Number of protein chains: 2
Amino acid sequence: MAEKPDALWRSGVGEFIKTQRELANLSLRQLAEIAKISNPYLSQVERGLYKPSADVLKSIAGALKISAETMYAQAGLLDEIAPPPGGAEGPGVEQAVRLDSRLSVEQKETLIRVYRGFVERA
Amino acid sequence: MAEKPDALWRSGVGEFIKTQRELANLSLRQLAEIAKISNPYLSQVERGLYKPSADVLKSIAGALKISAETMYAQAGLLDEIAPPPGGAEGPGVEQAVRLDSRLSVEQKETLIRVYRGFVERA
DNA sequence: AGCATCTGCTTGGTACACTTAGCACATGAG
DNA sequence: CTCATGTGCTAAGTGTACCAAGCAGATGCT
């Protein structure tokens, strides 16, 4: 007998998954199939009704081509890395661009210019 | 994930936990109390009867003063993301973009589209 | 001899992670 | 309009992660 968990324990990871899924232009069923979980369950996870296990998180992360560590961090399962108080977060877009050996120098400059245009205008 | 009914398959984590526990000179009950789980459950986990959730793993890792990442690695939950077929990179531009909370969804899509336009030109 | 108090293990039960089947509403093709 | 197929969501059930209570063998103390 499955009782509904009455606590909408807002974990934030559901929101994160949904955002990433939409960014990848995947439907709920598509992602569910790739991640090998049922689509209703994924729906409930995205809406914060259930807190998925690490196995599922890893599987979803793989399907979204996100590192498992990032996923666990979003799920609050990893020892938290304090976000830099001043601004940028995560790996850092500019640094990632500079480290990408497949980009030419001009391409890097273009990307960084566009990125800064987006960011430096609050 | 409703998984296999019965199996002695997952011996890795349990053994690891037991080793670390004995290395720290902790009894089963002591570790269980610090990790805030029941001692019978810890016993079963160590013997590979149950596969603990990430929450429990993190808690045990904390009690043993081991990093959660090490724990997850031992549990086989921290698999590396498959490297891109063309050539692997460092941090990953796309992931960095996705994780930047200062960007809107449209901005992320734009940046990723431009980035892919640069890169996917084999 | 007791009885304490360790040790780890078994039993019985509850909560929840997760599934299969199916609903209700869109959109598009014939 | 009707049918098909897409979207996400609900309902009902199964399996298991996990806990409280208690068992059985050591060791030690009086």
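Values below: all heavy atoms of this structure, side chains included; hydrogens, waters and symmetry mates excluded. Order of the sequence lines fixes the chain letters, A, B, ..., with proteins taken first and strands second; residue numbering starts at 1 for each chain. Every value quoted in this text rests on a predicted model; they were computed, and no experiment measured them.
- Between B/Y41 atom OH and C/dC9 atom P the separation is 15 Å, expressed in whole Å.
- Along DNA chain D, the nucleotide closest to B/R29 and the one closest to B/L42 are compared, and the more 5′ of them pairs with B/L42.
- For the pair B/S59 (side chain) and B/D55 (backbone), a donor-acceptor distance under 3.5 Å is absent.
- Within the 4.0 angstrom heavy-atom criterion, only backbone atoms of the sugar-phosphate kind lie near B/K36; the bases stay farther away.
- Look at NZ on B/K58: it is 20 Å from P on D/dA17, rounded to the nearest Å.
- Contact annotation: B/S27 side-chain N/O to C/dT7 OP1/OP2 distance is under 4.0 Å.
- Residue B/P52 places its side chain closer to D/dC18 than to any other of D/dT10, D/dC18, D/dC9.
- Side chain of B/Y72 to backbone of A/L77: a donor-acceptor contact under 3.5 angstrom is found.
- Rounded to whole angstrom, the span from the CG atom of B/L57 across to the C1' atom of D/dA17 amounts to 12 Å.
- Among the nucleotides C/dA17, C/dC9, C/dT20, the one closest to any side-chain atom of A/P40 is C/dT20.
- Between A/I17 atom CD1 and C/dA17 atom P there is a gap of 13 Å when expressed in whole angstrom units.
- Within a 6.0 Å radius of CD in B/Q44, other residues, nucleotides and ligands contribute more than 12 heavy atoms.
- Remark: A/S43 is not in phosphate contact with D/dT10, judged by side-chain N or O atoms under 4.0 Å from OP1 or OP2.
- Of the side-chain N and O atoms in A/R21, none sit less than 4.0 angstrom from OP1 or OP2 of D/dT7.
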Test side chain to side chain contact (heavy atoms under 4.5 Å, CB included) on B/V13 and B/L57; report intermediate values, then the result. CA-CA 9 Å; B/V13 211; B/L57 281 178; 3.8 Å; yes
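- The neighbour count for A/K108 NZ, taken as heavy atoms of other residues, nucleotides or ligands under 6.0 Å away, is above 12.
- Set against D/dC19, C/dC9, C/dA17, the side chain of B/S38 has D/dC19 as its closest nucleotide.
- Distance CG (A/N39) to P (D/dG6): 13 Å, rounded to an integer number of Å.
- For the pair B/Q44 CD and D/dC19 C1', the computed distance is 10 Å after rounding to whole Å.
- Between the C1' atom of C/dC6 and the CG atom of B/N25 lies a distance of 15 Å, rounded to the nearest Å.
- Straight-line distance from the NZ atom of A/K51 to the P atom of C/dA15: 16 Å, rounded to whole Å.
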